[in-house]
**Student:** 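Dropping the structure in here first, questions after.
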Amino acid sequence: MGVAGGAFQPTKAYRPDMHARLLQGVEKPLSVNLRVVVEGGNEVECELAVIIDWAETAGAIHGRELNVYGLDAESFFGPETDEP
């Protein structure tokens, strides 16, 4: 199982007070199970997705991060092939 993280670009449905696990440095209880959907509409299977949101102080472009836990290699890298 692996972990991945990176910048988070929310959709219009994103509500920081409901979806972020860490909002402006304040830890919040997990209130919803988040799904990770990548560009193209494919869902990434994972154990847990956590949003860290500092957008109020760091700005919308650099202030949001998504961490994904419990990835298997195929979810992250795609299907394994015999090709080098």
**Student:** Who are the side-chain contact (heavy atoms from CB on, under 4.5 Å) partners of L30, not counting sequence neighbours?
**Tutor:** R21, L48
**Student:** Is it true that L23 and V50 fall in one hydrophobic cluster, defined by side-chain heavy atoms closer than 4.5 Å?
**Tutor:** no
**Student:** What's the shortest heavy-atom distance between V32 and H19, and which atoms?
**Tutor:** CG2-CD2, 3.7 Å
**Student:** Scan the side chains in residues 10-17 for donor-acceptor partners under 3.5 Å anywhere in the protein, sequence neighbours excluded, and list what turns up.
**Tutor:**
| residue | atom | partner | partner atom | Å |
| --- | --- | --- | --- | --- |
| T11 | OG1 | A13 | N | 3.3 |
| Y14 | OH | D53 | OD2 | 2.5 |
| R15 | NH1 | K12 | O | 2.9 |

**Student:** Can you get from L71 to L34 by hopping between Ile, Leu, Val, Met, Phe, Trp and Tyr side chains that sit under 4.5 Å apart?
**Tutor:**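 The answer is yes; both residues are in one hydrophobic cluster.
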**Student:** Just to verify, what does V26 make a side-chain contact (heavy atoms from CB on, under 4.5 Å) with, not counting sequence neighbours?
**Tutor:**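 Partners of V26 under the side-chain contact (heavy atoms from CB on, under 4.5 Å) test: none.
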**Student:** Holding to side-chain hydrogen bond (donor to acceptor under 3.5 Å, both in side chains), I want the full list of residues that pass it with Q24, two or more places apart in sequence or in another chain.
**Tutor:**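 Q24 satisfies side-chain hydrogen bond (donor to acceptor under 3.5 Å, both in side chains) with T57 once adjacent residues are dropped.
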**Student:** G63 and A58: which non-hydrogen atoms are nearest, and at how many Å?
**Tutor:** CA-CB, 3.8 Å
**Student:** Do V44 and L66 sit in the same hydrophobic cluster, where Ile, Leu, Val, Met, Phe, Trp and Tyr count as joined when their side-chain heavy atoms come under 4.5 Å apart?
**Tutor:** yes
**Student:** Transitively linked via ILVMFWY side-chain contacts under 4.5 Å: F8 with V37?
**Tutor:** no
**Student:** With sequence neighbours excluded, give me every ring pair (Phe, Tyr, Trp, His ring centres under 6.0 Å) pair touching residues 46-69.
**Tutor:**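 Sorted pair list comes back empty.
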**Student:** List the residues meeting salt bridge (charged side-chain N to carboxylate O under 4.0 Å, His left out) with E39, not counting sequence neighbours, and say none if there are none.
**Tutor:**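 Checked E39 against salt bridge (charged side-chain N to carboxylate O under 4.0 Å, His left out); zero matches.
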